[in-house]
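Read the numbers this way: they start at 1 and go in the same order the structure lists the ligands and their atoms.
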Amino acid sequence: MAIPKALQRLIRPCVLDLDAYSPSVAIESVAESLNISVDDVIKLDTNENPYGTTLRVQEALASFDRYHRYPDPDQRVARERIAEYAGAPFERIIMGNGADELIDLILLATLDPGDEVLVPIPTFGVYAQRPPLFNGVARLVERQPDFELDLDAIEAAISERTKVIFVASPNNPTGNMVTQQQLVRLLRTGALIVVDEAYFEFAGKTLLPFTGEFDNMVVLRTFSKWAGLAGLRLGYGIFPLSLAAQLWKVKQPFNVSVAGLKAIEAVLDDADYLQESVKRIRVERGRLFRQLRKLNFLQPFPSQANYILCRVTRGDAHMIQRRLARIGILVRHYSSPDLRDYLRITVGKPEETDVLIAALHALAEEV
Ligand SMILES: Cc1ncc(COP(=O)(O)O)c(C=O)c1O
C-alpha cells in the first residue's frame, strides 16, 4: 500500500522494507468465506493440537476472579510449575507471550547495529524476519539437500559480528532434529545458540541438559503445540543465569496475562491427559506419512514433529494448496524460493487425514 510522504519520513526504513508476514488466515474467516461451519474447516496449516487443551483450563479461567489485577511480573507460580515439568532450575526460566516474544527479546538484548544472526534455512521464517527490526542482519545458510545442518557452511559464515544462531529441533518445517554432536560444534563457535524446541513433546528428545554445561545456549519451548494453547500465547525459555538477568531487564513487566499464568497451572495439573493427545498425534503422523507416500506427486519427509513436509514432485504446490483451501482443507504453502515447491501438512485427527487423502487422490488426476 502506498504510504503518504509525510508518514514515510517517520517510519524506519527497515520497517518499510519488510514484507508483510501472515502465517495463516483466521479459521472464522475461512468458514465464513466458504459458508461452512468452523468445525468443518480442516485446519492443517499452523501445527496446532486438533484435540484442543484440557477442560481444566476453561474451568480455571471461569472461576478466577482477579482479572482486574495485573499479572505477577515474576511469573513465580507458573515458572515453578514449568521448572518441575521441564526439569530445569526455576531461576533460569522466563515466560514469553509465545515463544515468538522470546525470540524478539533475545534479539533486543544481543544485537547492536550491524550484528549478525545466522539462520540455517529452510526453517521457521521468524528467525530471519526479525533481526532487521533490531538493526541486525540475518545471514541465511542453506542446509544440506536432506535438510541436515551444514556445519562447515555455518562455521564459514561466522564473523566477528555473529551474535546468535537459531536452530529448531525438530526443525520447522523439515521435521528433523539437531544432534548432540552438531550442537556441540555450534556451541564451540561462541555465538549464542538458540535451540528452539517448540515441538519437543512430539519428538520426545531434548538438548536441554546441555544448558547446564554451556553458558551460550538457550532452549525455547511453547505451550502452543502439545498443550493446545496457541490462542493464549504461552512460551518459555531456559537461559543461562547471567543472560536471564539481562533479559528480565528488557522484558515488558506484564508480558504474560493472568489468564495465561492460570492456564499454565491447569495444563500442568493435567499434563498426563495432554500427553495422551500427543501420543495420538504421533501415531497419526505415521499413518499420514504412509498415506502421503502413496501419492505419486508428493514426497513426504520423515518428521519428529506434528507436521510433515512434502515436496511436490509434479504439479504446482501453490495450486494444490489453493485447490484444497477451496474445499475447506488448509495446508501450508510458502512463497520463499527455498520452499516454493513444498507443502507442510499438520497432523490432524484420523478423520481429517482421511478427507485430506481423498482430496489429494482426486487432485492426482489433474496435476
Ligand atoms: C519453530 C517454532 N518456534 C516458535 C514458534 C512460535 O511459538 P509460539 O506460538 O509460542 O509463539 C513456532 C510456531 O509455529 C515454531 O514453529
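Note that R92 lies outside the cation-pi zone of F239, set by a 6.0 Å cut-off to the ring centre and a 45° limit from the axis.
Under the salt bridge (charged side-chain N to carboxylate O under 4.0 Å, His left out) test applied with K43, the options D39, D40, D45 reduce to a single match, D45. Tested against W226, the residues Y85, Y199, F200, F202 include a single ring pair (Phe, Tyr, Trp, His ring centres under 6.0 Å) partner, Y85.
Taking distance alone, with nitrogen or oxygen atoms compared against 3.5 Å, R233 approaches ligand 1 more closely than that limit. Geometrically, ligand 1 and A99 share a nitrogen or oxygen pair separated by less than 3.5 Å. Considering backbone and side-chain N/O of N97, none are found under 3.5 Å from N/O of ligand 1.
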- Task: Check the pair D341 / R311 against salt bridge (Lys or Arg N to Asp or Glu O under 4.0 Å), numbers first and verdict last.
- Result: CA-CA 6 Å; D341 297 330; R311 192 160 78 86; 5.8 Å; no
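Heavy atoms of Y307 stay at 4.0 angstrom or farther from ligand 1. Heavy-atom distances between Y199 and ligand 1 reach below 4.0 Å in at least one pair.
Applying the 4.0 Å criterion to heavy atoms of K225 picks out, from ligand 1, the atoms 13 (C), 14 (O). Atoms of ligand 1 found under 4.0 Å from any heavy atom of S224, numbered from 1 in the order shown, are 8 (P), 9 (O), 10 (O). In summary, the atoms of ligand 1 found under 4.0 Å from a heavy atom of G98, numbered by their order in the structure, are 8 (P), 10 (O), 11 (O). Residue Y127 approaches ligand 1 through these ligand atoms, each under 4.0 Å from one of its heavy atoms: 1 (C).
Between Q275 and E201, the shortest heavy-atom distance links the atoms NE2-CG, 3.9 Å.
The option from V194, L234, D196 that lies nearest to atom 1 (C) of ligand 1, judged by heavy atoms, is D196.
Residue, atom and distance of the protein heavy atom nearest to atom 6 (C) of ligand 1 are D100 OD1, 3.3 Å. Residue, atom and distance of the protein heavy atom nearest to atom 12 (C) of ligand 1 are F124 CZ, 3.4 Å.
In this structure, the ring of Y342 has its center no less than 6.0 angstrom from the ring center of Y334. Here the two rings, on Y236 and F223, have centers that are under 6.0 Å apart.
Using a cutoff of 4.0 Å between basic side-chain nitrogens and carboxylate oxygens, D270 and R56 are scored as salt-bridged.
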